[in-house]
Chemist: 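Quick one: structure below, then a few questions.
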Amino acid sequence: MRLTAYMLTALFAAGPAAAQGWKTYSFPTYSFAVAFPVDPKIETTTYQAADNRTVEAHVYSVRQGNSELRMTVVELAGAPVEDTGAIEHAVTALTQGHDVKLDIPHHIGAVQGRQPSIAHSDGSRTFAAVFYRKWRLYQMEGKTLAGDPNAMADAIRFQQSIEFGQSLDFATQVAHPPAVAQ
């Protein structure tokens with residue numbers, strides 16, 4: 001209960017000024033949209049899947065002030081993994097060695113996921129959301145340095161901003177989709 005009250009206080013403390021400049025960016029190739037305060041950096045990397053395969057991942061990130069906002073989309077096509085297994089693996093990797101303050105089931109429409117809140121030993125916090133949809137893992141991380149309510153508000157706002165769109169066929173997707181600000 002304390003964490004919820006603290007999170008709400010942080011959101012309201014940031015006020016309308018923190019909301020200025022945020023835009024929703026659509027990534028239709030990967031069937032999602034998410035809000036960032038500035039244009040995200042886009043890169044391709046790898047991810048260690050639950051079955052020990054190294055798979056392709058796309059990272060959309062912003063580092064601004066005392067917050068780091070990162071959305072990772074992991075391509076798990078062809079992997080013998082279930083949605084719960086992929087989500088569990090991602091949450092375990094995110095929380096390992098850290099103090100988990102909250103870990104609750106979450107869904108957006110029919111897309112199931114989890115939302116862990118993590119306290120790090122250096123006083124920073126991560127507000128995360130992990131979803132699995134149509135052979136893709138979507139992992140959001142809003143990380144904030146200790147004691148900065150504006151950064152905490154940004155991290156929470158980011159974590160709550162994901163929207164899922166219509167899923168495209170894997171065969172028609174391009175390697176690096178452009179971001180489309182709305």
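Quick caveat: nothing in here was measured; it's all calculated off a predicted structure.
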Chemist: Once rounded to the nearest 0.5 Å, what's the spacing between atom OG of S161 and atom CG of D154?
Modeler: 11.0 Å
Chemist: Testing Y30, Y138, Y132 one by one against F164 for a ring pair (Phe, Tyr, Trp, His ring centres under 6.0 Å), which residue passes?
Modeler: Y138
Chemist: Does the side chain of H98 come under 3.5 Å of the side chain of Q96 through a donor N or O and an acceptor N or O?
Modeler: no
Chemist: Verify whether one side chain among H58 and T72 offers a donor that lies under 3.5 Å from an acceptor in the other.
Modeler: no
Chemist: Under the side chain to side chain contact (heavy atoms under 4.5 Å, CB included) rule, what do E163 and I108 come out as? Steps first, then yes or no, please.
Modeler: CA-CA 8 Å; E163 300 171 20; I108 298 174; over 6 Å; no
Chemist: Could you pull out all residues at least two apart from F158 that satisfy ring-ring contact (aromatic ring centres under 6.0 Å, His included)?
Modeler: F36
Chemist: For the atom pair CG (D122) and CG (L145), what is the distance rounded to the nearest 0.5 Å?
Modeler: 7.5 Å
Chemist: For the residue pair T144 and F127, establish whether any side-chain heavy-atom pair is separated by less than 4.5 Å.
Modeler: yes
Chemist: Please check: side-chain N/O of T92 versus main-chain N/O of E88, any donor-acceptor pairing under 3.5 Å?
Modeler: yes
Chemist: How close do A119 and R125 get, counting heavy atoms only, and between which atoms?
Modeler: CB-NH1, 3.5 Å
Chemist: Indicate, with yes or no, if V130 and V100 share a hydrophobic cluster defined by side-chain heavy-atom contacts under 4.5 Å among Ile, Leu, Val, Met, Phe, Trp and Tyr.
Modeler: no
Chemist: Do M71 and E141 have side-chain heavy atoms sitting under 4.5 Å apart?
Modeler: no
Chemist: Taking C-beta and beyond as the side chain, do D148 and S67 meet within less than 4.5 Å on heavy atoms?
Modeler: no
Chemist: If you measure from CD1 on I87 to NE2 on H106, what distance do you get to the nearest 0.5 Å?
Modeler: 11.0 Å
Chemist: Let me confirm one number: the CG-NZ distance from L69 to K41, rounded to the nearest 0.5 Å.
Modeler: 14.0 Å
Chemist: For H89 and A49, which heavy atoms make the closest approach, and how far apart are they?
Modeler: NE2-C, 3.7 Å
Chemist: Contact between Y60 and F32 at the side-chain level, heavy atoms closer than 4.5 Å - yes or no?
Modeler: yes
Chemist: Taking C-beta and beyond as the side chain, do K101 and D99 meet within less than 4.5 Å on heavy atoms?
Modeler: yes
Chemist: Might you point out which heavy atoms bring S61 and E43 nearest each other, and give the distance in Å?
Modeler: OG-OE2, 4.4 Å
Chemist: My understanding is that only residues two or more places apart in sequence, or in another chain, count here; which of them pass side-chain contact (heavy atoms from CB on, under 4.5 Å) with A129?
Modeler: Q115, F131, M140, Q159
Chemist: So do the side chains of Q112 and P105 get within less than 4.5 Å of each other, counting heavy atoms only?
Modeler: no
Chemist: Give a yes or no on whether the backbone of G109 and the side-chain of H107 come within a donor-acceptor separation of less than 3.5 Å.
Modeler: yes
Chemist: Same hydrophobic cluster for Y47 and L94, using side-chain heavy-atom links shorter than 4.5 Å among ILVMFWY?
Modeler: yes
Chemist: Between V38 and W22, is there a side-chain heavy-atom distance shorter than 4.5 Å?
Modeler: no
Chemist: Write down the atom of T24, the atom of A33, and the distance for their closest heavy-atom approach.
Modeler: CG2-CB, 3.8 Å
Chemist: Are the side chains of V62 and P37 in contact, using a 4.5 Å heavy-atom criterion?
Modeler: yes
Chemist: Distance from E75 atom CD to T44 atom OG1, nearest 0.5 Å?
Modeler: 9.5 Å
Chemist: Test K143 against I118 for side chain to side chain contact (heavy atoms under 4.5 Å, CB included), laying out the working first.
Modeler: CA-CA 9 Å; K143 186 172 183 178; I118 307 153; over 6 Å; no
Chemist: By salt bridge (Lys or Arg N to Asp or Glu O under 4.0 Å), which residues pair with E68, not counting sequence neighbours?
Modeler: R63, R70
Chemist: Please answer: with hydrophobic residues joined when any side-chain heavy atoms are less than 4.5 Å apart, are V59 and Y25 in the same cluster?
Modeler: no
Chemist: Could you see if V73 belongs to whatever hydrophobic cluster contains I42? Use Ile, Leu, Val, Met, Phe, Trp, Tyr and a side-chain cutoff under 4.5 Å.
Modeler: yes
Chemist: Go through the steps to decide whether T95 and D103 satisfy the test side chain to side chain contact (heavy atoms under 4.5 Å, CB included), and finish with yes or no.
Modeler: CA-CA 10 Å; T95 60; D103 185 2; 5.7 Å; no
